[in-house]
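Heavy-atom basis, side chains included; hydrogens, waters and symmetry copies ignored.
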Amino acid sequence: MFEIGTKQTLQAVKQVKFGMYYAEEGNRDKDAVILLPEKQIPEGTKVGDMTELFIYRDSSDRLIATTNTPKLMKGQIARLHVANVTGIGAFLDWGLEKDLFLPFKEQTYKVSKGDDVLVSLYVDKSGRLCATMKLYHYLEKGGEKYAKDDWVEGTLYEISDNFGAFVAVDDRYSGLIPKREFVSDIKVGSHVKARITKIHDDGKIDLSIREKAYMQIAVDASKLVDIIESFDGVLPFTDKASPETIKRETGMSKNEFKRAVGNLLKSDRIEITEKSIRLK
């Protein structure tokens, strides 16, 4: 049985003008064979020899073998280059003659020619290999690799209105920035640095792009000074403003904003009027 998208060690059973037919070792079913094109046959190969081959479909959707190793195989995740974008989707360079198809419905953001995208490999309903940017079910649970408060890097591959931002930690492990923590304007596809806030029993990882609260206050206070300066020294709202206004103008939650304001008040760097915050 040939498993598309994987490498298998098969036995050469018949040589023809245009290539060599392979089958599973000991399989006598004449129909259970796959072709390795003539230009791919390793020098000196003869009937009976065993060869490791990758199984996929050619441009005519016929099952075929190759001695080349693609940049991505079933069960793996890899960053591939967008070779072209057409009216039906994108095509990725994965090291084989036929580019790998990335359907529009499997894109978590619109890709362009020349982009490098993080994808996994799946078999569609027609039995063809395709790429997907929806990585949640393909990522490993890497909780044992890390510890709470470790800083890690990864790719933000999807944002959910219900759950938050999904991150492929080290482009391999499953991580989530919960909705309550995700107050940034970071876009899907971005490279992020994040702190591990929790490792669940099942190995899944919760993340934050912010420092611990007591350390973050100083960072936010400095950021708030820069923001007030951009308003010519007078911020036209106070910590009584709506959470939506505060988030839109500062990128902070209301609680983070209030803590930053408190820090600046304590250090006597600002004064608060009824409708504004002024730098001293």
Report task. Carefully, step by step, assess Leu121 and Trp94 under the rule side chain to side chain contact (heavy atoms under 4.5 Å, CB included). Result -> CA-CA 11 Å; Leu121 191 67; Trp94 64 325; 4.3 Å; yes
Query raised in the report: Are Leu265 and Ile227 linked, directly or through other ILVMFWY residues, by side chains that come within less than 4.5 angstrom of each other?
Result: yes
Requested in this report: Would you give the length of the straight line joining atom CG of Leu279 to atom CG of Leu264, rounded to the nearest 0.5 angstrom?
Outcome: 8.0 Å
Query raised in the report: Hey, what do you get for OH (Tyr136) to CG (Leu176), rounding to the nearest 0.5 Å?
Result: 8.0 Å
Report task. With the side chain counted from C-beta on, respond yes when Lys14 and Val33 share a heavy-atom pair under 4.5 Å apart, and no when they do not. Result -> no
Query - Ionic contact status for Arg195 with Asp149, cut-off 4.0 Å - result: yes
Query - Residue pair Glu158 / Val188: nearest heavy atoms and the distance that separates them - result: N-CG1, 4.1 Å
**Report entry** Shared hydrophobic cluster, Leu207 / Phe166 (ILVMFWY, side-chain heavy atoms < 4.5 Å)
**Finding:** no
Query raised in the report: Does any non-hydrogen side-chain atom of Glu153 lie less than 4.5 Å from one of His191?
Result: yes
Report summary line: The residue among Arg79, Lys71, Lys98 that forms salt bridge (charged side-chain N to carboxylate O under 4.0 Å, His left out) with Asp93 is Lys71
Requested in this report: Assess whether side chain to side chain contact (heavy atoms under 4.5 Å, CB included) is satisfied between Phe101 and Arg128, documenting all intermediate values.
Outcome: CA-CA 9 Å; Phe101 181 47; Arg128 296 172 299 181; 5.8 Å; no
Query raised in the report: Using the ring of each side chain (for Trp, its six-membered ring), is Tyr173 parallel, tilted or perpendicular to Tyr146, with breaks at 30° and 60°?
Result: perpendicular
Query raised in the report: Taking atom types as modelled and ignoring hydrogens, do the side chains of Asp206 and Thr197 form a donor-acceptor contact shorter than 3.5 angstrom?
Result: no
Report summary line: One should read off an interatomic distance between Leu80 CG and Met133 CE, to the nearest 0.5 angstrom, of 11.0 Å
Query raised in the report: Are the side chain of Gln8 and the backbone of Glu3 linked by a donor-acceptor contact shorter than 3.5 Å?
Result: yes
Requested in this report: Find the distance between CG (Leu224) and CG (Leu235) and round it off to the nearest 0.5 Å.
Outcome: 6.5 Å
**Report entry** N-O pairing of Arg259 and Asp220 below 4.0 Å
**Finding:** no
Query raised in the report: Under 4.0 Å between a Lys/Arg side-chain N and an Asp/Glu carboxylate O for Lys39 and Glu97?
Result: yes
Query raised in the report: Considering all heavy atoms of both residues, which atom of Val111 and which atom of Val117 are nearest to each other, and what is their separation?
Result: CG1-CG1, 3.7 Å
Report task. Please say whether more than 12 non-hydrogen atoms of neighbouring residues, nucleotides or ligands are located less than 6.0 Å from CG in Asp226. Result -> yes
Query raised in the report: Is it true that atom NZ of Lys187 has more than 12 heavy atoms of other residues, nucleotides or ligands lying nearer than 6.0 Å?
Result: no
Report task. Is it possible for you to say whether Leu92 and Phe54 belong to one hydrophobic cluster, with membership spreading through side-chain heavy-atom contacts below 4.5 Å? Result -> yes
Query raised in the report: Donor-acceptor pair, Glu256 side chain versus Ser253 backbone, under 3.5 Å?
Result: yes
Query raised in the report: Under 3.5 Å, is there a donor-acceptor pair linking the side chains of Thr69 and Lys7?
Result: yes
Query raised in the report: Do side-chain atoms of Lys179 reach the backbone of Asp161 as a donor and acceptor pair under 3.5 angstrom?
Result: yes
Requested in this report: Taking atom NZ of Lys258 as the centre, report whether more than 12 heavy atoms of other residues, nucleotides or ligands fall under 6.0 Å from it.
Outcome: no
Query - Check: Leu36 and Pro42 side chains under 4.5 Å, non-hydrogen atoms - result: yes
Query raised in the report: Are any side-chain N or O atoms of Ser160 and backbone N or O atoms of Asn162, one a donor and one an acceptor, separated by less than 3.5 Å?
Result: yes
**Report entry** Carboxylate-amine/guanidinium contact Lys46 Asp49, below 4.0 Å
**Finding:** yes
Query raised in the report: So do Ile41 and Gln15 actually touch side chain to side chain, heavy atoms under 4.5 Å?
Result: yes
**Report entry** Under 3.5 Å donor-acceptor, Thr155 side chain and Tyr157 backbone
**Finding:** no
Query - Closest non-hydrogen atom pair between Leu156 and Ala165, with its separation - result: CD1-CB, 3.9 Å
Query raised in the report: When you look at Thr245 and Phe257, which way does the side chain to side chain contact (heavy atoms under 4.5 Å, CB included) test go after all the steps?
Result: CA-CA 11 Å; Thr245 296; Phe257 180 74; over 6 Å; no
Query - Hydrophobic cluster membership, Tyr122 vs Leu72, 4.5 Å side-chain cutoff - result: no
Query raised in the report: Going through the checks in order, is the side chain to side chain contact (heavy atoms under 4.5 Å, CB included) test met by Val82 and Asp116?
Result: CA-CA 6 Å; Val82 180; Asp116 290 317; over 6 Å; no
Report task. Spell out, yes or no, whether Ile159 and Phe163 are grouped together once hydrophobic residues are joined by side-chain heavy atoms under 4.5 Å, including indirect joins. Result -> no
Query raised in the report: Shortest non-hydrogen contact from Thr273 to Thr238?
Result: O-CG2, 3.7 Å
Requested in this report: Look only at the side chain of Ser120 and the backbone of Gln76, and say whether a donor-acceptor pair between them is shorter than 3.5 Å.
Outcome: yes
Requested in this report: Would you confirm whether Gln11, through its side chain, and Gly48, through its main-chain N or O, come within 3.5 Å as a donor-acceptor pair?
Outcome: yes
Query - Value rounded to 0.5 Å, distance of CD1 in Ile64 from OG1 in Thr66 - result: 8.0 Å
Query raised in the report: Do the side chain of Glu140 and the main chain of Arg172 share a donor and acceptor less than 3.5 angstrom apart?
Result: no
Query raised in the report: Between the main-chain N or O of Lys105 and the side-chain N or O of Lys134, is there a donor-acceptor pair closer than 3.5 Å?
Result: yes
Query raised in the report: What pair of heavy atoms forms the shortest contact from Ile34 to Leu10, and how long is it?
Result: CG2-CD1, 3.9 Å
Report task. Could you tell me which non-hydrogen atom of Ala65 sits nearest to which non-hydrogen atom of Leu53, and how far apart they are? Result -> CB-CD1, 3.8 Å
Report task. First locate atom NZ of Lys240, then atom CD1 of Ile272, and finally report the distance between them rounded to the nearest 0.5 Å. Result -> 9.0 Å
**Report entry** Student check: side-chain heavy atoms of Phe231 and Ile277 closer than 4.5 Å
**Finding:** no
Query raised in the report: Would you call Asp61 and Arg57 a salt bridge, using N to O less than 4.0 angstrom?
Result: no
Report task. For the pair Lys74 (side chain) and Val123 (backbone), establish whether a donor and an acceptor sit closer than 3.5 Å, ignoring hydrogens and angles. Result -> no
